[in-house]
Amino acid sequence: MTEPRARNFIEEIIEDDIQSGRVKNVITRFPPEPNGYLHIGHAKSVCLNFGTAIKYGGKCNLRYDDTNPVKEDDEYIQSIRRDVEWLGFEPAAVLFASDYFEYMFKCALLLIDKGLAYVCDLSAEQIRQFRGTLKQPGKNSPYRKRSIDENRRLFLEMREGRYADGEKVLRAKIDMASPNLNMRDPVLYRILRATHHRTGDDWLIYPMYDYAHPLEDAYEGISHSICTLEFEDHRPLYDWVIQNCECDPAPRQYEFARLNLTRTIMSKRYLKKLVDEGVVLGWDDPRMPTLSGLRRRGYTPEALRDFCERIGVAKSNSEVDAGLLEHCVREHLGQIAPRRMAVLDPLKVVIENYAGSGETLYSENLPKNEQAGKRTVAFSGEIYIERTDFEEEPPPKFFRLAPGREVRLKDAYIIKCERVIKDKNGNVTQIICSYDPDSKSGSVNAGRKVKGTLHWVDAATAVPCEVRLYDYLLCEGEGDFSDRLNPESLKIISSALIEQAGADTEAGERFQFMRQGYFCTDSDSTKQRPVFNLIVGLKDSYKG
RNA sequence: UGGGGUGUAGCCAAGCGGUAAGGCACGGGACUUUGACUCCCGCAUUCGUAGGUUCAAAUCCUGCCACCCCAGCCA
C-alpha cells in the first residue's frame, strides 16, 4: 500500500463540516442503478464513498437507485452487492430507492400544495420544444397555471391509472428562462406501465432521478452525497428539492471526476452491448473491465483498492494509464502469490547423464516471506521447458538455452545442451542435455553462475491444465469507443487464463508466471488438480 | 459574454502568498537460481497563456486560449 497521501478535496470539505458543526456523523452512500454490472470505474466510487465513511467513523449505505423499472433487473442487484463486498466493504444498510416511493409521493403532494409543482399535458416532443435551447429561454407550459386543487386531483389520478403512459407528467414550477436547463420546469414524475423488479405493478408513476435522488439522500440522513461531474449542473435542482420538500438536515452534493482508463471501454451501455451481442461470454468474462471480470482474471480486492487510492480524487477529467492498474496487481500478487512453475508451450528435455530415478528439490513458496517455507518439486531425467526458451541459432543477448550452452534450471541443476533431435520437417522435438551433479541448488558447489535461468516442469509428474486463451478487450487510440466495438477492431494483447475445468476459479490459488504453459506442477500439493486462475503477465523484457 | 466545470512532467496528483510532494511510466547503476522482483540514482528554473498587484505569485486580480458537461417523460 502507498504511504498516506494528502487529503482529497472531499475530505477537506468533510473536515470543515465537522469542525463547523454542520455535520456530526458522516453518512455516505454508493447508489448504483441496477442496470448492469459494476466495473473498475465504479470501484473508484465505492472506495471513495465507503473509504470516506470509514475514515471519519461514519457509515455508508449501498442503495439501489431503482427508479426506472424498464432498465433494471434482479440479476444486477445480486452482482452489485457481491462485488461491493468482494471489494472489501460492508454496507451499513442495503436499501432500495423503490422503498421510498410512498415518501416521494407525499413530498410531491407537498410541492403541489405549495404551488411548486403542476401536472402538464404537453407531449414529450412539446416539452422539448418549450424548453428552449442552450442560448434561448424556454416558454411556459400552458398548463403551468393550473390550480392547486386541479393539480392535486390530476396527480392522484395519474397514480390511479386514469391516464396513458406519456399523457401527463408532474413538473416542478421553477423558471423556464433559467440559463440552467435543468431548472426549466423539470419533470418530476412520469407515467410508466412497467413491472418494477421489486414493487411489481404497485406503481404506475415513477419519480425522475433529479427529484428522487435528493429525497433518497435526505431519507437516509446522508451528509455528503458524492457523485460524478456531469451532475454539477443538477446541484441547484438537488438543493431546490431539498429545500422545498423541507428536508432537514439537508444533504449536500459534491462531484468528482469519473475514472477513465486508457484503452478501456468503461461505458456501461457498451459493456452491455458486448454482452448482449455475444462478443464476450458474459459480464464476468475475464476480458471485461467489470469487477467480476477482473476477479476472474485474478485481480485482488487489495490491488483494486490500492489503485483507487493512488489515482486520487479530483475534478479534472483525466485518463489514468492502465499501466498503473497493472502495477497495483503485480505489487500485491508479488506479496501473496504462491510460486509455481508452469510451461505453456512444452519442449521436452532429456538429461542423458541423469542416473537417479528422481528426487525432490525445494523451492521458495512465497517471496519475502520465509514463514511460508518451501515446497517440494519433483525432478527426474526428463523435463519440459518453454519452447521459446530454446533457440537453435540464438540471437545476440539471448541468455537461454542453445546448442552447447549452459543454463540453470530454477531450483535445480545447471544443464548443458548437447544435441537436438528433429522431426523430418526439421522441427526441434527434443533436446538432449547433460547436467552438472555438483550444481544442485543450495549445495556448496552451487555457486557457479550461468547467464540464464529457466522455469521447467518434471515430465513424469506434470499435471495437465486447461488453458483458455483470452484477449484483453483493449482498444486502440483514445476517447469514445462506441464505434469500435466489433471484435476485429479491438486491439489484441494476448494473455492467458488457466483454469482447471470445473474448478472454482475464485477459490483457486493464484500464481505469477512469466510465460505461458500447458503443464503445471505442484507436487507437494494435496490437491490433485491445482488451479491457477491468475495471470499477470510480467512484462516481457526479453529483447533477443 | 447561454450556463456549469477543468487546465501543474508522457499519465495521475499534491500545492491554498515564501521560492514545484508523491506514484506510474521512462533512463542509468547495483543485486539476482529467469533478463522478474528488490535496492539506489536521475527525471518541471517552472505551473494553459498575456498582463497586473507584491519584497516575494502555481497560489491574488484582469483579459485571452483550450478541453469537458447540459436542450431524456435515463441515471
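Quick note on labels: first sequence line is chain A, next is B, and so on, each numbered from 1. Just so it is clear, the values below take in all heavy atoms, side chains as well, and ignore hydrogens, waters and symmetry mates.
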Is the glycosidic angle of B:rG63 within 90° of 0, making it syn, or outside that range, making it anti? anti
Could you check whether A:Val313 gets within reach of a base, just the sugar-phosphate, or nothing at all, counting any heavy atom under 4.0 Å? sugar-phosphate
Sugar-phosphate, base or nothing in reach of A:Val320, heavy atoms under 4.0 Å: sugar-phosphate
Can you tell me, in whole Å, how much space there is between the P of B:rG15 and that of B:rC64? 29 Å
Between A:Glu72 and A:Asn182, which has a closest nucleotide on RNA chain B that is more 5'? A:Asn182
Check every strand shown and say whether A:His213 touches a base, only sugar-phosphate, or nothing at a heavy-atom separation below 4.0 Å. nothing
What's A:Ile127 touching, base or sugar-phosphate or nothing? Going by heavy atoms closer than 4.0 Å. base
Which listed nucleotide (B:rA25, B:rU33, B:rC73) is nearest to the side chain of A:Val169? B:rC73
Touch check for A:Gly166, heavy atoms < 4.0 angstrom, all strands: base, sugar-phosphate only, or nothing? base
Using a 4.0 Å heavy-atom cut-off across all strands, classify A:Phe231 as base, sugar-phosphate, or nothing. base
Select base, sugar-phosphate, or nothing to describe what A:Asp65 touches, counting heavy atoms under 4.0 Å on all strands. sugar-phosphate
So if I take every side-chain heavy atom of A:Arg408 and compare against B:rG35, B:rC74, B:rU33, which nucleotide ends up nearest? B:rU33
Proximity to the side chain of A:His234 - top-ranked nucleotide from B:rA75, B:rC70, B:rC24: B:rA75
With sugar-phosphate meaning primed atoms plus P, OP1 and OP2, does A:Glu12 contact a base, only sugar-phosphate, or nothing at under 4.0 Å between heavy atoms? base
Identify whether any heavy atom of A:Ala124 sits under 4.0 Å from a base atom; if not, whether one sits that close to sugar-phosphate; answer base, sugar-phosphate or nothing. base
Chi angles and distances behind the side chain to side chain donor-acceptor pair (under 3.5 Å) call for A:Glu230, A:Thr228: CA-CA 6 Å; A:Glu230 66 270 26; A:Thr228 43; 3.1 Å; yes
Provide the distance between the two P atoms, one in B:rC41 and one in B:rG4, to the nearest whole Å. 48 Å
Give the C-alpha distance, both sets of side-chain angles, the deciding distance and a yes or no for side chain to side chain donor-acceptor pair (under 3.5 Å) between A:Gln129 and A:Glu125. CA-CA 6 Å; A:Gln129 285 167 358; A:Glu125 172 63 22; 2.9 Å; yes
Sugar-phosphate, base or nothing in reach of A:Leu122, heavy atoms under 4.0 Å: base
A:Lys268, NZ: over 12 other non-hydrogen atoms inside 6.0 angstrom: yes
Verify the distance criterion only: is there a donor paired with an acceptor across the side chains of A:Arg305 and A:His332 at less than 3.5 Å? no
When you check the phosphate oxygens OP1 and OP2 of B:rA13, does a side-chain N or O of A:Arg310 lie under 4.0 Å from one of them? no
Counting only side-chain N and O atoms of A:Arg258, is one of them less than 4.0 Å from OP1 or OP2 of B:rU6? no
From B:rU6, B:rC74, B:rU33, nucleotide with atom closest to A:Lys410 side chain: B:rU33
Taking 4.0 angstrom as the limit, do A:Glu359 and A:Lys440 come out as a salt bridge? yes
From the list B:rC68, B:rG2, B:rA13, which nucleotide is the closest neighbour of the side chain of A:Ala314? B:rA13
Between A:Arg131 and B:rC73, is there a side-chain N or O to OP1/OP2 distance below 4.0 Å? yes
Between A:Leu181 and A:Arg7, who's closer to the 5' end of RNA chain B by nearest nucleotide? A:Arg7
Taking B:rC40 as the reference, what is the distance to B:rA25 when you measure between their P atoms (whole Å, please)? 16 Å
In terms of side-chain geometry, is the basic nitrogen of A:Asp121 or A:Arg146 positioned less than 4.0 Å from the acidic oxygen of its partner? yes
Rounded distance in Å between the C1' positions of B:rU49 and B:rC11: 23 Å
Show me the dot-bracket string of RNA chain B, counting Watson-Crick or G-U pairs under 3.5 Å, with | for pairs to another strand and [ ] for crossing ones. .(((((((.[[[..)..(...]]].(((((.......))))).....[[[[[..)....]]]]])))))).....
When the P atoms of B:rU53 and B:rU59 are compared, how many Å lie between them, rounded to an integer? 15 Å
Looking at the side chain of A:Val187, which of B:rG23, B:rG2, B:rC73 is the nearest nucleotide? B:rC73
Less than 4.0 angstrom between a side-chain N/O of A:Thr453 and OP1 or OP2 of B:rU32, yes or no? no
Please classify the nucleic acid contact of A:Thr133 as base, sugar-phosphate, or nothing, using heavy-atom distances under 4.0 Å. base
Would you mind reading off the distance between A:Tyr76 atom OH and B:rA75 atom C1', rounded to a whole angstrom? 15 Å
Which value, rounded to the nearest 0.5 Å, describes the distance between A:Arg184 atom CZ and A:Ile127 atom CD1? 14.0 Å
Do the charged groups of A:Asp239 and A:Arg235 touch, with an N to O distance under 4.0 Å? no
Quick note, A:Met208 side chain, CB onward, closest among B:rA75, B:rG23, B:rG35 is B:rA75
Of the options B:rG2, B:rA25, B:rA13, whose atoms approach the side-chain atoms of A:Arg330 most closely? B:rA25
Euclidean distance for P, B:rA44 against B:rG10 (whole angstrom): 11 Å
Interatomic distance at P, B:rA9 relative to B:rG5, whole Å: 23 Å
With a non-hydrogen cut-off below 4.0 angstrom, is A:Ile311 in contact with a base, only sugar-phosphate, or nothing? sugar-phosphate
For A:Lys135 and B:rG2, is the shortest distance between a side-chain N/O and OP1 or OP2 below 4.0 Å? yes
Quick one: the side chain of A:Asp233 and the base of B:rG3, do they pair up donor-acceptor inside 3.5 Å? yes
Can a donor-acceptor pair be found between the side chains of A:Tyr238 and A:Asp217 at a distance below 3.5 Å? yes
Please report the distance separating the C1' of B:rA50 from the corresponding atom of B:rA66, rounded so that it comes out in whole Å. 15 Å
Quick one about A:Tyr37 and A:Glu75 (side-chain donor to acceptor, distance below 3.5 Å, no hydrogens or angles considered), yes or no? yes
Below 4.0 angstrom from OP1 or OP2 of B:rG5, is there any side-chain N or O of A:Lys315? no
Need one value for A:Thr67: base, sugar-phosphate or nothing, where a base atom within 4.0 Å counts as base even if backbone is also close, heavy atoms only. sugar-phosphate
Count the heavy atoms belonging to other residues, nucleotides or ligands that lie under 6.0 Å from NZ of A:Lys451, then report whether that count exceeds 12. no
Given B:rG5, B:rC74, B:rG10, identify the nucleotide with an atom nearest to the side chain of A:Asp321. B:rG10
Base, sugar-phosphate, or nothing: which does A:Lys168 touch, judged by heavy atoms less than 4.0 Å apart? nothing
May I ask you to evaluate whether A:Arg448 reaches the phosphate of B:rU33, defined as a side-chain N or O under 4.0 Å from OP1 or OP2? no
Just N and O in the side chain of A:His327: are any of them under 4.0 Å from OP1 or OP2 of B:rC24? yes
A:Arg159 atom CZ, neighbour heavy-atom count above 12 within 6.0 Å: yes
